[in-house]
Amino acid sequence: MEKQNADWIQEQDRLEDVLKVIESKKAAIEAKVGNVKSEIIDLRNAFWEDVTVNLDEPDDVIETFQSIKQQSELLGERERNHRQIYKQIKILERLKDSPYFGRFDFAENGETSEQTIYIGIASLLDEAEDDFLIFDWRAPISSMYYDYYPGQAQYETQFETIEGEMTLKRQFIIKNGKLKTMFDTGVTIGDEMLQEVLGNKANTQMKSIVATIQLEQNKIIRNEKSRYLIVQGVAGSGKTSAALQRVAYLLYRYREQLSSNNMMLFSPNPLFNSYVATVLPELGEENMQQSTFQEYAQYRLGSLFDVEDPFSQMEYLLTEMENPDYDVRLQAIHYKANLEFKALIDSYAKELEKQGLPFKDIKFKKKIIVSKESIAEYFYSLDPSISIPNRLIIVTEWLMKEVIKFERKERKKDWVLQEAELMDKEDHLEIFKQLQKKQEFSEETFDDYEREEKLIAKEIVRKYFKPIKAAIKKLAYLDRKAIYKQLFTHTKEQKVTQHWSEICSYTIEKLEQNHLNYEDTTPFIYLQDLIEGKKSNTSIRHLFIDEAQDYSPFQFEYLKQLFPNCRMTILGDYNQAIYAHSMNAPTLLSPELYEDENYEVIELKKSYRSTKEIVEFSKGIVVGGNEIQAFTRSGSLPHFKEVETREELHKEVLSKIKELQDKGHETIAVICKTEAESKEAFEMLKNEVPVRLMNQETYHFDKGILVLPSYLAKGIEFDAVIIYNASNQVYGREYERKLFYTACTRAMHELHLFSIGQRSFFFDEIEQDKYLEV
């Protein structure tokens, strides 16, 4: 006990010394930031006073340019310095609240003294700038804190492996600069620290986990060898958190080669982007680029079609079982997601090299400038060994010349003269200014009527033909819709797959309605790129794909093409594969997709989000759930109640919400199966309690009571979850099993389930002592 008290006093004294250093450094930097800010203001105000402007002679122009450049560079350097100083202040502010969270003592082999290493979110040197008071958690030596317990330990530097003995490992909880708790521990983070963190309430934004990184998570964060790092993690295993710490680690480790602009996250929905947006700034790093695959598809195809999103596809599959096209569409979704369909498209594109590529007429005022037949004839007259994209470049150049010829003839037409005569003074003056900019004539020559008339006619026609030329450069003369539609008309009678003829008819019907189903978006974009040339993004060096079980093999092949130079971190959970194409089919988590690649698979089997009772209940829902391990944080058993009527259900749900609020739960989710059911629940609740309805358009959420469909809840956690209707009528199909599991695993502390009538048959797999029937 005396040693514990002595250790506490020693650590408390050290913490106070470190806080003094932080305050001293912060004061010094704040004084400096004021000076730099004043310099920037002075430079901006005096910018043109310090620039020599002389445009009389060519040499003077060069001198002026150099003077402006020099002054601009000086201002830019000061502004960069100001941003860097501001960043340092933000880091010191964060350190002031909690300077460090861990310590270990390490005796390197061959050395007579031990090193005492304190770990925090950023490094801190002493006043003399000689010794580290705190090591950044990403530093090579810091890896031992996460990977070893007292005993033999080692870490890798850029040049060698350092071996030795860890003699002590200690953890701290420091809040508002005060030492709250400390304890010596074994492997990685002790249960005390995790209990402290995981026992807290859910937050509307994900937080950094650097103080609680586990051994298996650290393998994800510091992996530098694999081109494809595949993380199969059960619900609540911290895979997304680990991935975001991985971004921060890579930015630290390769700070000379990588920036946040070289990294990109593909997430499941815009809400998730908002949810994770604070993690990297909390660690002192800028956010990487974030998008969803749907946003990319909309960007590529939104001008051509009404593009369906994955949530609308999900709504169709969950609600349209009576639709006569249902089974055909389900088959289409499966087939269009796999690599067999990609091979069919590759074969079709090869045929188009020889014949059949559809084009559009190029028209002006309903007159055909170049017919689609002429374009096709010219295209196929070119050397067939030239690729389709390169032939289109040649065709584009030819069409531009043809349009220019037509444009010249058009200048003499009556409509041009009529437009010139009707032109008001302002338009006339505007044309004059445009022509003067081009130096086609001076004010002296503008009085030459004939010359003026020709130049105005030229400018009028040029204005009309400008969008035509722009469209040609964008290959708008290709009939993109017809290209994809033709794939189905030409193969309709072939035995491609089961129900292929019906799939073709269904797809053609949708295309003619100007509607592109979600399962067609990737194939359409892929075929478009085969024809027009690949749209690669070479600036992205590392791609993070979350909820990877939602991506098909076809999508993965396309992403590899889209980001050819990058490594990928691929995260997901096959137990949450809720989309139709992933049922009993390979997804990005399937190792068979990577057989010829440099890849590694890391599995996370322990769930930290939910209490042990919630994990034990929910793992009974899915096949192989016995492999899921629960963290030892106890709570109450999940509650289930069956009611007879919808009115009784509404009364019970409302009563439960008020009970959970009284307990202090700040985020309470009423999770419904579909959007339609969510709207029903919302209408029932909105006049009784403050509630918010979440849908695919929701970009962020606040604490409170939330109603949302099951498929939008992925990746998010709540203090308490109410499953609105867990009846067999609602969750009565085998392919809805993973959807039900996903909904249940959103709960951190409490899970309550209701059903109108008989409960779902999924309960049959769950041991009766794992929940309380009330």
Side-chain angles (χ1 to χ4, degrees), residues 11-47 49-50 70-103 116-139 142 172-180 203 205 207-211 244-245 247-249 251-253 255-256 258-261 277-288:
E11 293 292 3
Q12 183 66 55
D13 289 345
R14 185 188 189 276
L15 174 60
E16 289 171 6
D17 290 342
V18 169
L19 289 171
K20 287 176 184 175
V21 173
I22 291 171
E23 281 293 349
S24 173
K25 285 179 176 276
K26 184 168 174 281
I29 292 173
E30 283 174 340
K32 191 189 295 184
V33 78
N35 293 333
V36 174
K37 189 174 181 180
S38 296
E39 283 183 34
I40 290 170
I41 293 169
D42 291 343
L43 275 169
R44 284 176 177 166
N45 291 336
F47 188 95
E49 292 174 18
D50 296 333
Q70 186 177 20
Q71 194 71 357
S72 180
E73 286 175 350
L74 182 62
L75 179 60
E77 186 271 327
R78 291 291 190 277
E79 288 175 337
R80 282 192 297 275
N81 193 17
H82 185 266
R83 285 195 296 270
Q84 191 59 36
I85 290 170
Y86 182 74
K87 187 177 179 181
Q88 289 172 352
I89 291 173
K90 295 290 284 184
I91 289 170
L92 289 170
E93 283 286 353
R94 282 192 288 269
L95 288 177
K96 198 168 97 170
D97 178 64
S98 180
Y100 43 83
F101 49 80
R103 164 191 168 179
T116 299
I117 309 295
Y118 285 82
I119 310 292
I121 64 164
S123 297
L124 181 73
L125 287 162
D126 62 12
E127 293 273 31
E129 301 285 310
D130 289 332
D131 295 319
F132 280 96
L133 297 176
I134 307 169
F135 281 84
D136 192 299
W137 66 277
R138 298 167 288 187
S142 303
F172 307 96
I173 294 175
I174 300 171
K175 292 181 178 177
N176 300 318
K178 301 291 184 186
L179 181 59
K180 301 291 185 185
N203 204 291
Q205 291 190 303
K207 296 295 182 184
S208 159
I209 61 161
V210 292
L244 291 168
Q245 319 304 307
V247 175
Y249 171 76
L251 289 172
Y252 175 89
R253 175 74 174 80
R255 53 188 173 274
E256 300 301 325
L258 271 182
S259 76
S260 56
N261 291 328
T278 58
V279 175
L280 288 170
E282 197 178 305
L283 295 169
E285 301 291 353
E286 291 182 2
N287 265 321
M288 58 184 160

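Atom set for the values below is all heavy atoms of this structure, side chains included, hydrogens, waters and symmetry mates excluded. If you're wondering where the values come from, they're calculated on a predicted model, not measured in any experiment.
With rounding to the nearest 0.5 angstrom, the CG atom of Leu258 is 12.0 Å from the CE atom of Met288. Interatomic distance, CG of Asp97 versus CD1 of Ile22, reported as 10.0 Å (0.5 Å rounding). The distance from atom CD of Gln12 to atom CD1 of Ile174, rounded to the nearest 0.5 Å, is 8.5 Å. Note that CZ of Phe135 is 11.0 Å distant from CG of Leu124, once rounded to the nearest 0.5 Å. Put simply, CG on Leu125 and CG on Asp130 are 8.0 Å apart, with the number rounded to the nearest 0.5 Å. In this structure, Leu95 CG and Ile121 CD1 are separated by 5.5 Å, a value rounded to the nearest 0.5 Å.
A salt bridge links Glu285 and Arg138; the closest N-O separation between the charged side-chain nitrogens and carboxylate oxygens is under 4.0 Å. Between Glu30 and Lys26 there is a salt bridge, since at least one side-chain N of the basic residue sits less than 4.0 Å from a carboxylate O of the acidic one. Under a 4.0 Å N-O distance rule, the pair Lys25/Glu129 qualifies as a salt bridge.
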- Message: With side-chain contact (heavy atoms from CB on, under 4.5 Å) as the criterion, how do Leu280 and Val247 come out once you've worked through the C-alpha distance, each side chain's angles and the decisive distance to 0.1 Å?
- Response: CA-CA 8 Å; Leu280 288 170; Val247 175; 3.8 Å; yes
- Message: Checking Ile119 against Arg103 for the side-chain contact (heavy atoms from CB on, under 4.5 Å) test, could you report, in this order, the C-alpha distance in whole Å, the side-chain angles of both residues, the deciding distance, and whether it holds?
- Response: CA-CA 6 Å; Ile119 310 292; Arg103 164 191 168 179; over 6 Å; no
- Query: What do the steps show when you test Trp137 against Phe101 for side-chain contact (heavy atoms from CB on, under 4.5 Å), and what is the final call?
  - Reply: CA-CA 10 Å; Trp137 66 277; Phe101 49 80; 4.2 Å; yes
- Query: When you look at Glu11 and Leu179, which way does the side-chain contact (heavy atoms from CB on, under 4.5 Å) test go after all the steps?
  - Reply: CA-CA 8 Å; Glu11 293 292 3; Leu179 181 59; 4.1 Å; yes
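Counting all heavy atoms, side chain and backbone alike, Ala122 lies closest to Ile91 at CB-CG2, 3.5 Å. The two residues Leu15 and Tyr100 come nearest to each other via the heavy atoms CA-OH, 3.5 Å. Nearest heavy atoms, Leu19 versus Gly177: CD1-O, 3.4 Å.
Residues Glu286 and Asn261 have side chains not in contact (no heavy-atom distance under 4.5 Å, counting atoms from C-beta outward). Residues Ile134 and Ser123 form no side-chain contact, since every pair of their non-hydrogen atoms from C-beta on lies 4.5 Å or further apart.
A donor-acceptor pair under 3.5 Å is absent between the side-chain atoms of Ser98 and the main chain of Lys175, judged by distance alone.
Residues Tyr249 and Tyr252 place their aromatic rings such that the two centres sit no closer than 6.0 Å.
Ring-plane geometry between Phe172 and Tyr118 is classed as parallel, the angle between the planes falling under 30 degrees on a 0 to 90 degree scale with a further cut at 60.
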